[in-house]
Q: 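Would you mind keeping the following structure in view while I ask a few things?
In the text below, chain A, chain B and the rest are named by the order of the sequence lines, each starting its count at 1.
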Amino acid sequence: MLCLPPPASPILPPSCLPPNSANFGGTREAGDDVGYNIPAIMEYLQDLNPQQQQAVTAGLGPILVLAGPGSGKTRVLTQRIAYLIGSLGVRPYQILAVTFTNKAAREMEHRVMDLLGGETQGLSLGTFHANCARILRREAEAMPFNANFVIYDTDDQLSLVKNAIKDLNLDEKYFRPAGVHAAISNAKNELLLPDDYPITNYRDETVATVYRRYQESLLANNALDFDDLLLWTAFLLEESPAAREKYARRYEHVLVDEFQDTNMAQYILLKHLASFHHNIFVVGDVDQSIYRWRGADYRNVLRFERDFPDTQTILLEQNYRSTQSILDVAMAVIDRNPQRARKQLFTERGMGEKVRLIETEDDQEEAALVVEKIASQVLKKTAQPGDFAVMYRTNAQSRLLEEAFLKSGIPHKLVGAQRFYGRREVKDVVAYLRLVHNPQDEISLTRVINTPARGIGNKTVITLRTLAQQTKQSPGMLLLALGQDPDSIPGSQSLGRGFQSLCKFGTLLAGWKAQINALSPMGLMDRILTDTDYHEYLDDGSEEGQERWENVIELRRLAADFAEKGLTAFLEQVALVSDQDTLDASGNAATLLTLHAAKGLEFPVVFIVGLAQGTLPHSRSLEDPEEMQEERRLLYVGITRAKDRLILVYSRRRNLFGYYEPVEPSEFLDDIPDELLTRTGASMVIPRQRSVGLFSAQRWQPSSADEALPMVQRFQPGQRVEHGIWGEGMVLNSRLQDDDEVVDIFFESVGLKRVAASLAKLTII
DNA sequence: ATGGACAATGTTTTT
DNA sequence: CATTGTCCAT
């Protein structure tokens with residue numbers, strides 16, 4: 001499958017010396033080398049506990065750091081890099097550090113920079129996916145795609161699978177694209193090619209067929225999916241000794257964060273990369289493995305010890321983040337998982353406040369309660385909005401919360417890339433850029449060929465596709481040719497009326513393509529937006545159209561940073577942003593995020609909501625013990641994000657499918673000993689009568705700490721506000737009245753108006 | 001070719 | 001319920 005040409009001779013920098021050469025005599029102690037920055041490093045080491053120090057200054061060879069939550073794992077990792085460079089004189093160029101999110105990578109880079117000043121030039125620090133993309137672009141000669149490949153996101157992947165299923169005349173009911181795609185993705189993560197796909201029945205056979213076709217389409221589009229980035233790189237290193245040696249020699253030290261979340265492809269990749277120097281330093285915690293569904297296998301930790309028998313294992317157990325009360329709850333939850341080495345988490349921070357468990361009547365009340373608790377703290381000035389995080393199992397749960405936050409006026413932010421990059425208008429513009437960058441990308445072509453409408457209907461597209469097939473080229477290339485010289489295309493008459501429109505679009509595309517090197521990504525984007533009248537297309541006079549255009553402008557702003565790095569880098573960044581990456585610490589706002597997105601973060605006060613059977617643990621996990629263990633780990637991750645206070649919330653009923661349904665509290669709650677919790681009913685907080693009688697007797701205890709909370713006044717005199725219809729105005733007065741806020745506003749357009757904050761669509765400017 | 005109306009269908013987590 | 005897809009009328 002992989003066809004590699006004869007290996008090019010590896011280019012090795014002069015400093016790429018094998019182990020045990022003059023550069024490294026073996027294990028050495030901190031500071032016994034002539035480095036540049038020893039005093040600074042040594043000083044810093046004093047702030048580390050003995051285990052952390054041991055990890056940072058460990059000698060050569062494989063190192064496994066088992067790090068509990070809040071144990072200073074990132075610190076050890078960054079400090080280790082600084083130590084290698086600053087004290088051992090390793091050149092940054094020879095260090096590879098891999099993380100799972102761009103955010104983690106950025107943070108690490110920052111910290112290393114802080115430690116070393118400018119000595120980090122050339123350091124390879126990035127996500128698995130980004131590092132692989134870089135290698136693959138560099139080695140594209142040896143690969144069945146070329147260097148300007150695009151990276152398909154989940155939607156693109158799904159369309160490709162759908163097309164394959166359609167082409168093969170399969171029943172979409174039985175072969176659901178999402179399911180088939182998941183199967184393909186799993187296979188890829190296990191490094192199984194279509195030919196290796198294990199077949200035991202008709203379904204497997206069909207999946208393998210779809211897989212084969214899917215893979216062919218990707219190549220035809222000069223595209224790679226997320227899994228391909230890992231898969232192709234792993235295969236490159238596996239099949240080409242020259243390539244393997246090149247990278248394995250170069251990376252004298254390989255460091256890996258969140259090692260428990262690696263999948264087979266990543267594991268093999270790491271093994272190859274470390275195959276020359278064997279200096280592989282991995283940090284992880286099996287209890288925080290929460291990406292099984294993505295192929296992650298925490299058993300890679302065990303595999304590591306087996307594959308590298310001389311591994312030095314270091315345990316970090318002291319927690320510097322949470323109070324003991326929080327850690328006790330965390331341990332109570334996680335200890336129920338079988339087959340796990342019991343870890344004793346401890347802290348010197350003291351017990352702190354007890355963890356609270358609150359029951360509410362329904363999910364709406366749950367959201368209201370969380371927001372009101374936050375509001376009361378903020379009003380009392382005992383905490384700021386930025387101190388709080390609200391965590392939930394599924395993204396859908398964010399909605400009620402967001403509504404509640406909006407109503408209260410407490411600043412909040414929602415973590416999630418989908419919110420921006422998933423928008424239609426953003427995807428459109430990105431598709432234009434991708435198409436110019438790589439005209440073979442048919443998914444992007446299909447997306448934009450008639451957006452905005454330019455008289456190229458379905459029929460015309462199909463004819464174009466057939467014609468392309470006949471002339472053995474991609475539709476995009478044909479379109480380009482058509483734009484440059486319409487007469488040169490045989491059979492173009494068959495296009496009929498659409499011909500003119502196609503030529504016109506082809507000319508546009510060719511024009512953009514000609515400018516690709518002359519213009520910055522932003523410049524190119526501007527040209528495209530002008531040439532397609534994209535603004536006019538979006539601007540239908542509605543508020544939504546306005547919003548969409550603003551999103552385009554936001555994308556433009558993001559592109560502005562890529563004048564130097566270029567279009568490829570921009571598109572890659574767009575493809576590889578994660579939800580976590582969209583989180584910025586700036587702005588004093590409460591954070592709403594999924595438990596998955598919460599990994600690696602910490603907050604003074606954490607709410608975990610929706611602790612109900614079917615939600616957490618999720619209903620789709622209930623039957624599978626392995627998945628149940630993962631749900632438990634997920635809760636564990638959430639709990640251990642909290643520094644000072646943790647509030648667990650569940651409701652007795654929730655709105656599901658539009659129906660009001662009773663739900664059981666999460667079974668995980670049963671595992672927390674009663675004495676570790678303060679249990680509270682919600683009736684004292686929520687001024688709603690009907691709630692009271694419904695609380696179960698043994699759980700509901702009034703607590704004096706829960707006084708009724710005031711509604712929060714959102715508007716202040718003097719504020720400028722925007723109204724959906726009346727435009728801008730100034731708040732003259734505002735008061736709370738009957739569960740609502742009454743605001744007097746003077747509008748430029750209509751003069752003085754009195755509005756109810758809950759009804760009028762008001763935004764503060 | 002385009003847009004609107006209706007029906008079905010499906011709801012984890014994300015690089 | 002909310003999104004997505006399909007069909008139908010213009």
Q: Could you tell me if the ring centre of A:Y534 sits under 6.0 Å from that of A:W549?
A: no
Q: Considering only side-chain heavy atoms of A:K162, which listed nucleotide, B:dT14, C:dG5, B:dT12, is closest?
A: C:dG5
Q: Mapping A:R454 and A:S621 onto DNA chain B by nearest heavy atom, which one lands closer to the 5' end?
A: A:R454
Q: Within the structure provided, determine whether A:T460 and A:I456 are in side-chain contact (heavy-atom separation under 4.5 Å).
A: yes
Q: Between B:dT2, B:dT12, B:dT14, which one does the side chain of A:R393 approach most closely?
A: B:dT12
Q: Quiz question: going by heavy-atom distance under 3.5 Å, is there a donor-acceptor pair between the base of B:dT13 and the side chain of A:R294?
A: no
Q: When the nearest nucleotide of DNA chain B is assigned to A:D227 and to A:I456 on a heavy-atom basis, which residue is associated with the more 5' position?
A: A:I456
Q: Are the ring of A:H596 and the base ring of B:dT13 both nearer than 5.5 Å at their centres and tilted by less than 30°?
A: no
Q: Tell me whether the OP1 or OP2 atom of B:dT12 has a side-chain N or O from A:N395 closer than 4.0 Å.
A: no
Q: Quick one: A:Y636 OH to B:dT13 P, roughly how many Å, whole number?
A: 24 Å
Q: Side chain of A:R176 only, please: which of B:dG10, B:dT12, B:dT14 is the nearest?
A: B:dG10
Q: Report yes if the distance between the aromatic ring centroids of A:F128 and A:F100 is under 6.0 Å, otherwise no.
A: yes
Q: A:Y251 and A:S124: side-chain donor and acceptor closer than 3.5 Å?
A: yes
Q: Between A:E238 and A:H272, is any side-chain donor less than 3.5 angstrom from a side-chain acceptor?
A: yes
Q: Centroid-to-centroid, A:H596 to A:Y291, below 6.0 Å?
A: yes
Q: Report which part of the nucleic acid A:N450 touches: base, sugar-phosphate, or nothing (heavy-atom distance under 4.0 Å, all strands).
A: sugar-phosphate
Q: Expressed as a whole number of Å, how far does the C1' atom of B:dT12 sit from that of C:dG5?
A: 23 Å
Q: Using whole Å, report how far CD1 of A:I290 lies from C1' of B:dT12.
A: 12 Å
Q: Which whole-number value in Å describes the distance from A:R620 CZ to B:dT14 C1'?
A: 15 Å
Q: Distance check needed: C:dC1 P versus A:D362 CG, whole Å only.
A: 14 Å
Q: Which part of the nucleic acid, if any, lies within reach of A:A575 when heavy atoms closer than 4.0 Å are counted: base, sugar-phosphate only, or nothing?
A: nothing
Q: If I take atom CG in residue A:N186 and atom P in nucleotide B:dT12, what distance separates them, rounded to the nearest angstrom?
A: 15 Å
Q: Rounded to whole Å, please give me the gap between CZ in A:R292 and C1' in B:dT13.
A: 13 Å
Q: Ring centres within less than 5.5 Å and planes less than 30° apart: is that true of A:W293 and B:dT13 in this structure?
A: yes
Q: Starting at OH of A:Y174 and ending at P of B:dT9, how long is that distance when rounded to a whole Å?
A: 17 Å
Q: Does A:R399 put a side-chain nitrogen or oxygen below 4.0 Å from OP1 or OP2 of C:dA2?
A: yes
Q: How is A:F226 classified with respect to the nucleic acid when contacts are heavy atoms under 4.0 Å: base, sugar-phosphate, or nothing?
A: base
Q: Would you say B:dT12 has OP1 or OP2 under 4.0 Å from some side-chain N or O of A:S619?
A: no
Q: Roughly how many Å is it from CG in A:L158 to P in C:dT3, rounded to a whole number?
A: 18 Å
Q: Which one, B:dT12, B:dT13, C:dG5, comes nearest to the side chain of A:E627?
A: B:dT12
Q: From B:dA1, B:dT2, B:dT14, pick the nucleotide closest to the side chain of A:T460?
A: B:dA1
